[in-house]
Amino acid sequence: MEMQIIDVDYVLVNDSPVIRIFGKTMAGESVCAFYEGYYPYFYAEGGDVPEILKDEPQVRSVKKVKRKVVMGYQEPREMWKITITNPAKTPEIREFLRSRGLTVYEADILFKYRFMSDFDLSGFGWIELKDFSGISTETVRCQKTVQVREFSPVKKDDHAPLRKVAFDIECVAGVAGTVPEARRDPVILISMVFSPEYKGKKKVVFSTRSGKGVTAFESEKEMLQGFIDTIIDYDPDVITGYNVNGFDIPYIIERLEKNDIRPVFGRCGQKAVYSKKLMSRHSTSIVGRVIVDSFEIVKKDFSLTRYTLDNVCDKLLGERKVSVKHSEMEKLWKGSEKEYERLVSYSAQDSVLAMNLVEKLMLMDKYIALSRVSGTLLNDTLSSGETSRIENYLLREFNKEGFVFPSKPDQQEVARRDELRRTELKGGFVLEPEKGLHSNVVVLDFKSMYPSIIRTYNICPTTLILGNEHIEGEIETPSGARFVPKSVREGIIPKILERMMKKRSAAKKKYAKEKDTARKAVYYAEQWAFKIMANAFYGHLGYSRARIYDLNIANAVTSSGRETIQKTKELIEREFGYSVVYGDTDSVMVKIPEEDMEKVKEIGNALCKRINETLPGVMELEFEKVFKRFLPLTKKRYVAWKFEPEGEGWKESIEMKGIETVRRDWCELVGDSIREVIEIILKKNDVKAATKYFKNIMNKLVRGEIDLQKLVITKTMTKIPKNYAGTQPHIELVKKIQARNPAEAPGIGDRISYVIVKGTGLVSKRTEDPSYVMENGLQVDSKYYIENQLLPPLERIFGALNISKSELLGNGKQMGIFEAIMNGNGGGTGVKEIPISEMTGFLCKKCGAHYKRPPLLGACSCGGSLVFSSKKGAADFVIA
DNA sequence: TAATGGTAGGGGAGGAAAAAGTCTACATAT
DNA sequence: TAGTGATATGTAGACTTATTCCTCCCCTAC
């Protein structure tokens, strides 16, 4: 029997661990396989372990073994392998040994991962049960339960069919104007959506009030019991919903407890659903099932201004939903049949959308691929970061080669590392961009630069030469770190990376060949996962909480990168005479004096060929794309008219990096206008037309013709308001909302939307909630939007093009860009007279000199005549 | 039970420090 | 020629008002 692994855990039977592997067969059957006789173990050195542990009843065996330690090129050492009975006792024995001054290895590996690592099993990987027999048990709720004696991992690309349920709960706050509290306020509605259908139904709505399309219950308790029964009966592999980790699940757990029902709806009858908030993150575990919170995934995978279900569905699915405000909830719940129907359909809709997000956006694919590559269980892949994946993978590889894996650093060690980190790890090198609008720039990239460097220079903790020892053929990186050559010992990480890069190309090939769309998606996700994993190793080396942390090694990687890009630039300029106009970390952009795209590409390829001759190991520079026009603004900010090879021809598009159009903390109006201006400039090279377009926007803004939504600025609240050192616009608004309506106050990690309204004083004090502005008819500060939002980015673009304000107007340098545009081309809207209150002095028309008072001559010292000046512009008249 | 990959870099907003005006009182020159 | 008032100009110090610089914060490029 073959099955795909969904979850693994263990239980104690007579104080001995029994591993449970939860899986799904190709036929869609849920299976739980029990495995006995596997015990936890770890290593220690630096003391007489048999003697120290002779009275410890947990210990099953202590054996002398030879193992290598990871850090530094060293010979194997003798140490003790300690096997115990109960996995939960590991920390106790570990700390006891540490207190006696011993060094302990691998005593902080979760038992399920110890097991999976030893048997080479992965989350969502396949396992073949070779010798097994059916058993009956009350403890596990699966279609099939077996005792397995022999098994092995199998390589298989297909996915078993999954059962998914999406759910959403509604509740009403017991006190008006507050947030519902699980301690106090009951659940009134639960909607569920099934995929595939459950007993011929796509969805159900449970409630304590009867109505059309509703399954009614006598009490909350009965409804909750109904919910649990349905889950258990449907037996889903995946439980999803929008923000279920943050809201629905913790809420429902608390309500279940309030109603004296144990929150047990996993595939194990004993273990309760566990949900805990850690810092600002939530994590939930349900035995045998996977929690897929579409909110959390969308937030990670898509860059959006706001993550309300409303906005997410609109932007990602193109589906608009009817929304019900929190404050309306109670009215609908207690209202007429019609109103209640609206609430019911609203709740059902939320579940439908959560399911649609998962299925249509294929949110799980990437994470399944990451699980299969790294070995972590899907639920952990979803709820944890890069570290757990990297370390899970490394543990296996180091073990295979006879190494013991280091422990997690303790708090003190982390603090020590953090202290040094800021100054001690240098990153990539960014070339100073050459100013101006360039034509025909070829972009060349180093293929997987950091992984390639690690492979080329055999960079690994296991090959690092410690102290002053010298080894024949040693490799020295620019940072000064030295590594033994491959011939002496091949590093584990270089070996892993070589394999990953090979596997990635294999997956890419399969992807290209495959016709079946489902399989194609699997291969795409697989190659993506290999790329992500390969790139994560470098970051891990410099991460202060990593088991394998060494700044010498991390710096060895980055210093080699810096040297490589600099040498590349020099060679291109020296040998070919081309100018490298920009480059960042692993890329160079070279200006080619050729108009023909094919020619530019050809030269680009020739450059790569020449550079590659000089590069060591697997380092490789490759042609990436051509910029027909390239306008760098600063480092990390540029605009380009891009041409990428596609099939026989070229695919063109405008590429914008780092500028306001791609940033979420600028309003839509800025993004739209700047995008348009760039388009006009790059493709038509018509500054006048761009200026005219912009002038029109500003006029509309002053006249109040711009939709408020286009003026909304959004920013993330990264900590609670009182922890902010200074005054921040978005935080000031949060404080206002907290005072006005605590129920709707945002939390950590939420994106805050605001507009700037008219008034005096700090911008921060003039932030307002867009809907509040609408409801109360407040006026937005058009001056702010012109001077602080629209103009600065435009000015930067013109600046990069070397178009000065005076050029736009052909006038004095005191002129701001506002006047330059308003008065410059076509005129018509120029300021004719200014109120005396706004007058700031006198301006010479000829030389642009500014006077606070009129000079006695009545004219400028240069002889030019004077006009009145103000911040908004100059005029011939002032009015009282 | 339990979590959190890296550095480089731009740019807005606020706030402190330094610099530039302004005002006042008084001195000096015409 | 000395004394006088009106006016202009200069100067130092107190006070006020822009500038400049730095930090915090957010977000992006790689």
Side-chain angles (χ1 to χ4, degrees), chain A residues 9-10 87-88 90-91 108 110-112 271 274-285 303 305 379-380 383-391 408 414 418 421-433 445-446 448-450 532-533 535-546 548-549 551 554-555 557-558 561-562 565 582-587 633-638 655-666 713-719 723-732 751-752 756 761-765 767 784 788-789 792-793 796 840 852 856:
Chain A
D9 75 347
Y10 77 93
T90 311
D108 51 4
L110 289 178
F111 187 52
K112 62 183 177 186
K271 283 194 188 176
Y274 182 84
S275 175
K276 193 167 185 181
K277 196 177 171 184
L278 302 145
M279 304 296 281
S280 63
R281 294 170 65 95
H282 302 267
S283 86
T284 308
S285 67
S303 175
T305 51
N379 207 58
D380 297 332
S383 63
S384 63
E386 219 58 72
T387 312
S388 63
R389 297 193 274 275
I390 291 283
E391 292 190 342
K408 279 187 195 162
V414 171
D418 281 336
R421 193 192 43 148
R422 183 150 294 155
T423 48
E424 301 276 294
L425 178 50
K426 292 249 172 293
F429 184 63
V430 188
L431 303 181
E432 193 61 52
D445 271 38
F446 283 95
S448 303
M449 189 188 230
Y450 286 174
I532 293 301
M533 285 287 292
N535 281 324
F537 283 91
Y538 150 71
H540 187 73
L541 288 168
Y543 175 49
S544 59
R545 295 176 131 76
I548 299 198
Y549 169 89
L551 291 185
N555 270 319
V557 178
T558 55
R562 290 194 297 275
I565 190 173
Y582 183 58
D584 185 346
T585 312
D586 64 349
S587 66
L633 303 185
T634 56
K635 286 177 174 179
K636 304 222 182 253
R637 290 163 64 90
Y638 60 83
E655 185 163 284
M656 303 187 201
K657 288 293 170 82
I659 65 168
E660 291 73 13
T661 53
V662 300
R663 293 182 62 95
R664 294 177 288 175
D665 50 358
W666 289 80
I713 302 164
T714 58
K715 266 201 181 91
T716 307
M717 175 162 97
T718 56
K719 48 194 167 195
N723 286 352
Y724 277 83
T727 318
Q728 296 280 330
H730 60 307
I731 303 309
E732 291 306 302
R751 292 189 62 83
I752 317 299
I756 304 299
L762 294 178
V763 170
S764 294
K765 302 289 180 191
T767 51
Y784 171 86
N788 298 44
Q789 289 273 315
R796 283 190 281 269
T840 52
K852 288 266 166 194
L856 288 174

A.B. asks: By side chain to side chain donor-acceptor pair (under 3.5 Å), which residues pair with E660(A), not counting sequence neighbours?
C.D. replies: R637(A), R796(A)
A.B. asks: At how many degrees, to 10°, do the end axes of the helix from dA19(B)-dT17(C) to dT30(B)-dA6(C) meet when each uses five pairs?
C.D. replies: 10°
A.B. asks: Expressed in angstrom and rounded to an integer, what is the separation of L633(A) atom CG from dG11(B) atom P?
C.D. replies: 8 Å
A.B. asks: What string of B, S and - do you get for nucleotides 23-30 of chain C, 5' to 3', if B is base contact, S is sugar-phosphate-only contact and - is no contact with any protein heavy atom under 4.0 Å?
C.D. replies: -SSBBSBS
A.B. asks: Can you check the K112(A) NZ to dT1(B) P distance for me, whole Å?
C.D. replies: 14 Å
A.B. asks: Quick one: list whatever passes side chain to side chain donor-acceptor pair (under 3.5 Å) with T718(A), sequence neighbours left out.
C.D. replies: Y724(A)
A.B. asks: Looking at dG5(B), I'd like to know if its phosphate oxygens (OP1 or OP2) sit under 4.0 Å from a side-chain N or O belonging to T387(A).
C.D. replies: yes
A.B. asks: Do I532(A) and E386(A) have side chains that approach each other closer than 4.5 Å (heavy atoms only, starting at C-beta)?
C.D. replies: yes
A.B. asks: Please state how far atom CD in Q789(A) lies from atom P in dA13(B), giving the value in whole angstrom units.
C.D. replies: 7 Å
A.B. asks: Can you tell me the distance, in whole Å, between the CZ atom of R545(A) and the P atom of dG6(B)?
C.D. replies: 10 Å
A.B. asks: Identify, with sequence neighbours excluded, every residue that meets side chain to side chain donor-acceptor pair (under 3.5 Å) alongside R663(A).
C.D. replies: D665(A)
A.B. asks: Short question: side chain of S764(A), backbone of E732(A) - any donor-acceptor pair under 3.5 Å?
C.D. replies: no
A.B. asks: Just jot down the side chain to side chain donor-acceptor pair (under 3.5 Å) partners of K636(A), sequence neighbours excluded, or say none.
C.D. replies: D584(A)
A.B. asks: Give the rounded distance in Å between these two atoms: NZ of K426(A) and P of dT7(B).
C.D. replies: 10 Å
A.B. asks: Taking the side chain as every heavy atom from C-beta outward, state whether L425(A) and N555(A) have any pair of such atoms under 4.5 Å apart.
C.D. replies: yes
A.B. asks: Nearest whole Å is fine: how far is dG5(B) C1' from H540(A) NE2?
C.D. replies: 8 Å
A.B. asks: Calculate the interatomic distance between E386(A) atom CD and dA3(B) atom C1'; express it in whole Å.
C.D. replies: 14 Å
A.B. asks: What is the separation between atom CD1 on I548(A) and atom P on dG6(B), rounded to the nearest whole Å?
C.D. replies: 16 Å
